[in-house]
Amino acid sequence: METHHRAPLLLDRKDVVLVKPAKPTPSKTLSFSTIDNDPNLEFVCHSVYVYKANSVSSDNGSADHDLASKLDGQADPARVIKDAISKVLVHYYPLAGKLKRDGSDGKLYINCNGEGVPFLEATANCRLASLKYLDGIDVETAEELVFDFPSKSDFGYHPLMFQVTKFPCGGFTIGMGLSHSVCDGFGASQLFRALAELASGKSEPLVKPVWERERLVAKSTQGPLQSPVDKNSLASSPYLITNDILHECFFVKAETIKRLKMSLMKECGDHEEMKGSFTTIEVLGAYIWRSRFRAFKLNPDGNTLFCLAMGIRHLLNPPLPSGYYGNAFVGSNLVMTGKDLNEGPLSRVAKLIKESKKHASNAHYIWSQISMLDKVRELNFKIDSDNGASMVLTDWRQLGLLEELDFGWKGLANMIPVPLKMFGFVYLCIFLPPCNLDPSTKGGVRVFVSLPRAVMPKFKEEVHALSQLGTDHDDIIVPMLEPAILI
């Protein structure tokens with residue numbers, strides 16, 4: 001892969017301050033749902049939202065121009081967002097408190113004390129255009145635009161933090177760190193949308209936040225913990241265990257996905273059990289799963305696991321309220337031998353993924369999975385993140401992450417997750433919508449993976465081969481340069 005040389009990003013950082021709610025908020029202790037309490041979710045997810053300068057600001061000027069002159073006549077984004085955080089915390093007041101896992105029962109609690117949210121303001125030395133608005137930016141650069149606040153103490157730690165970085169062109173980035181124990185991707189999107197609404201002048205969020213974590217509380221399942229697949233039966237790879245992990249992003253065009261769907265439908269032929277249409281997540285998920293198997297050189301006699309994170313907000317009876325911002329998903333699990341995955345028809349893999357989704361939509365299955373998670377908490381069971389035979393796919397394309405979230409600046413250009421904490425997990429794969437820089441990319445999918453260095457070349461070959469399906473090499477998938485990589 002071609003190496004891109006860029007001038008280093010340098011930041012002038014102010015001191016971290018605590019942004020408190022704009023009004024007095026309830027002082028109480030809140031408990032969490034069974035899903036929230038999963039110890040595998042107790043980490044902070046970082047993401048960066050990239051905003052272009054307003055049209056009155058030139059993006060063609062020198063990076064040496066004073067930032068204040070670029071913002072002449074406009075509000076300071078750091079001040080606007082800081083004020084909006086203060087307002088949004090009135091509605092999302094638990095996030096201004098401290099999160100803690102109780103030592104006696106192992107359950108999470110949040111102390112709603114109004115202490116505030118850590119906030120960092122920074123100024124960059126270059127234009128956002130020189131960083132391609134973080135489209136395919138390297139991990140080391142992206143990590144400069146978020147921060148981790150090491151605040152664990154006897155009183156707990158902050159579940160939410162923000163960094164606003166201003167650029168000489170008038171654009172800026174918002175780096176958000178949010179505990180996965182408190183929100184899933186849907187909840188994080190709801191929070192960020194509320195922040196934008198209040199920053200743009202609305203008096204309150206369009207969607208009122210709902211805590212009500214008791215709606216998803218289940219008693220622990222009886223007997224031993226039942227894993228989707230026996231760990232001893234999982235296929236093994238010669239490339240594990242290693243800490244030498246690369247983060248990569250691949251953009252798959254809409255036309256490529258369409259050709260893959262058509263190919264698999266043609267492959268089904270007259271097989272009655274395989275008839276029916278396929279979704280993008282079914283065909284692309286199947287292809288990526290098989291590509292990973294080949295790249296890891298897993299033994300064909302072992303088992304492989306495909307787990308799709310499925311939202312359950314509208315699958316429950318009654319459905320969860322629209323403002324519920326806690327974790328609300330279960331895993332749809334599919335197990336295949338390596339040989340079946342690698343040598344059988346890919347259309348059958350896609351069909352099995354479709355069937356596993358349908359099975360996971362059943363209320364009985366959902367509640368059995370939630371009950372199992374309470375056993376996971378009791379045993380403090382942690383997922384083996386070093387096992388290349390397991391793939392967990394989370395799809396962020398429907399979360400509205402790249403819709404126009406107006407802070408008073410219209411140019412939302414991009415959103416990227418940042419692998420500061422969670423993306424060392426080699427089992428994780430994320431589907432994201434394309435960034436807003438190029439309208440021709442509409443309908444495509446960004447695929448984010450974290451894989452051992454020795455595995456990545458073969459994986460690139462497999463994904464590159466997808467671009468050649470049914471075409472004369474006119475639609476090549478281009479890997480981005482070690483990009484910043486769900487809820």
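Since this is a predicted model, take the numbers as computed values, not measurements. Heavy atoms only: backbone and side chains are in, while hydrogens, waters and symmetry mates are out.
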- [ ] Looking only at non-hydrogen atoms, find the nearest pair between Phe167 and Cys126 and report the distance.
- [x] CD2-O, 2.9 Å
Open item on the list: Under the rule for side chain to side chain donor-acceptor pair (under 3.5 Å), what residues qualify as partners of Lys20, not counting sequence neighbours?
Closed with: none
Task: Inter-residue atom distance Tyr51.OH - Thr173.OG1, 0.5 Å rounding - done: 11.0 Å
TODO: Going by the side-chain contact (heavy atoms from CB on, under 4.5 Å) test, name the single residue among Val445, Ile353, Leu308 that passes it with Ile281.
DONE: Leu308
- [ ] Specify the closest pair of heavy atoms between Gly443 and Pro434, including all atoms of both residues, with the distance to one decimal.
- [x] N-CG, 4.4 Å
TODO: Show your working on side chain to side chain contact (heavy atoms under 4.5 Å, CB included) between Ile416 and Asp135 and close with a plain yes or no.
DONE: CA-CA 8 Å; Ile416 58 169; Asp135 187 29; over 6 Å; no
TODO: Keeping the roles fixed (side chain from Ser86, backbone from Ala22), state whether a donor-acceptor pair exists under 3.5 Å.
DONE: yes
Open item on the list: Quick one: does any side-chain atom of Thr25 pair with a main-chain N or O of Val90 as donor and acceptor, under 3.5 Å?
Closed with: no
TODO: Check for a donor-acceptor pair, side chain of His464 on one end and backbone N or O of Ser467 on the other, with a separation under 3.5 Å.
DONE: no
- [ ] Output yes when a side-chain donor or acceptor of His158 lies under 3.5 Å from a complementary backbone atom of Leu95, and no otherwise.
- [x] no
Task: Lys458/Glu462 ion pair, N-O < 4.0 Å - done: yes
Open item on the list: Are the side chains of Trp289 and Ser291 in contact, using a 4.5 Å heavy-atom criterion?
Closed with: no
Task: Residue pair Gln163 / Thr165, side-chain donor-acceptor N/O under 3.5 Å - done: yes
- [ ] State whether the side chain of Ser200 and the backbone N or O of Ala196 hold a donor-acceptor pair below 3.5 Å, judged by distance alone.
- [x] yes
- [ ] Heavy atoms only: give me the nearest Leu298-Gly388 pair and the separation to one decimal.
- [x] CD1-O, 3.7 Å
- [ ] To the nearest 0.5 Å, tell me how far Leu206 CG sits from Gln190 CD.
- [x] 10.0 Å
- [ ] Mark yes or no for whether Asn333, through its side chain, and Cys307, through its backbone, hold a donor-acceptor pair below 3.5 Å.
- [x] no
Open item on the list: If you define the side chain from C-beta out and look only at heavy atoms, does anything of Arg13 sit under 4.5 Å from Leu120?
Closed with: yes
Task: Beyond-backbone contact of Leu469 with Leu260, side-chain heavy atoms, under 4.5 angstrom - done: yes
Open item on the list: Could you walk me through whether Arg294 and Glu461 satisfy the salt bridge (charged side-chain N to carboxylate O under 4.0 Å, His left out) test, starting with their C-alpha distance in whole Å, then the side-chain angles of each, then the deciding distance to 0.1 Å, before giving a yes or no?
Closed with: CA-CA 10 Å; Arg294 294 173 175 177; Glu461 282 183 24; over 6 Å; no
Task: Electrostatic pair Lys87-Asp83, nearest N-O below 4.0 angstrom - done: yes
Open item on the list: Within this structure, what is the SG-CG distance for the pair Cys249 and Leu432, rounded to the nearest 0.5 Å?
Closed with: 8.0 Å
TODO: Specify the closest pair of heavy atoms between Ile257 and Val252, including all atoms of both residues, with the distance to one decimal.
DONE: CG1-CG1, 3.8 Å
- [ ] Write down the atom of Cys435, the atom of Thr441, and the distance for their closest heavy-atom approach.
- [x] O-OG1, 3.8 Å
Task: Full working for side chain to side chain contact (heavy atoms under 4.5 Å, CB included) between Leu195 and Ile85 - done: CA-CA 6 Å; Leu195 185 67; Ile85 293 170; 3.7 Å; yes
Open item on the list: Less than 6.0 angstrom separating the ring centers of Phe119 and Phe162, yes or no?
Closed with: no
Open item on the list: Does this structure show an ion pair linking Arg213 with Asp36, if we count only N-O contacts that are shorter than 4.0 Å?
Closed with: yes
Task: Ion pair Lys166/Glu121, N-O distance below 4.0 Å - done: yes
Open item on the list: Does either side chain, that of Tyr325 or that of Glu212, offer a donor lying less than 3.5 Å from an acceptor on the other one?
Closed with: no
Task: Between Asp244 and Thr242, a side-chain donor and acceptor under 3.5 Å - done: no
- [ ] Answer yes or no: is there a side-chain heavy-atom contact under 4.5 Å between Val182 and Leu108?
- [x] no
Open item on the list: Would you say the rings of Trp211 and Phe32 are close, in the sense that their centroids are separated by under 6.0 Å?
Closed with: yes
Open item on the list: Check for me whether the distance between the ring centres of Phe192 and Tyr49 falls short of 6.0 Å.
Closed with: yes
Task: Ser181 to Leu99 - nearest heavy-atom pair and separation - done: CB-CD2, 4.3 Å
Open item on the list: Is it the case that the side chain of Arg446 and the backbone of Pro433 share a donor-acceptor pair, with hydrogens and angles ignored and the cut-off at 3.5 Å?
Closed with: yes
- [ ] Using modelled atom types only, decide if a donor and an acceptor are shared between the side chain of Arg313 and the backbone of Tyr324 within a distance under 3.5 Å.
- [x] yes
Open item on the list: With a 6.0 Å cut-off (strictly less than), is the heavy-atom count around NZ of Lys297, excluding the residue itself, greater than 12?
Closed with: no
Task: OG on Ser179 to CE on Met161, rounded to 0.5 Å - done: 8.5 Å
Task: Lys14 atom NZ, neighbour heavy-atom count above 12 within 6.0 Å - done: no
Open item on the list: As a test of understanding, state which of Ile35, Leu373, Asn327, Asn37 forms a side-chain contact (heavy atoms from CB on, under 4.5 Å) with Leu216.
Closed with: Ile35
Open item on the list: Using a 6.0 Å distance limit plus a 45 degree cone around the ring axis, check whether Lys52 lies over the aromatic ring of Tyr133.
Closed with: yes
Open item on the list: When you compare the side chain of Arg290 with that of Leu346, does any pair of heavy atoms fall below 4.5 Å?
Closed with: yes
Task: Straight-line distance of Cys429 SG to Arg292 CZ, nearest 0.5 Å - done: 7.0 Å
- [ ] Decide if the gap between the ring center of Phe459 and the ring center of Phe250 is smaller than 6.0 angstrom.
- [x] yes
- [ ] Indicate yes or no: at least one non-hydrogen side-chain atom of Leu18 is less than 4.5 angstrom from one of Glu115.
- [x] yes
Task: Nearest-0.5 Å distance, CE of residue Met456 to CD of residue Glu248 - done: 4.5 Å
- [ ] Measure the shortest side-chain to side-chain distance between Val117 and Phe149 over non-hydrogen atoms and say whether it is less than 4.5 angstrom.
- [x] no
Open item on the list: Do Phe431 and Arg397 have side chains that approach each other closer than 4.5 Å (heavy atoms only, starting at C-beta)?
Closed with: yes
Open item on the list: Can you tell whether the side chains of Lys261 and Glu282 come within less than 4.0 Å, N to carboxylate O?
Closed with: no
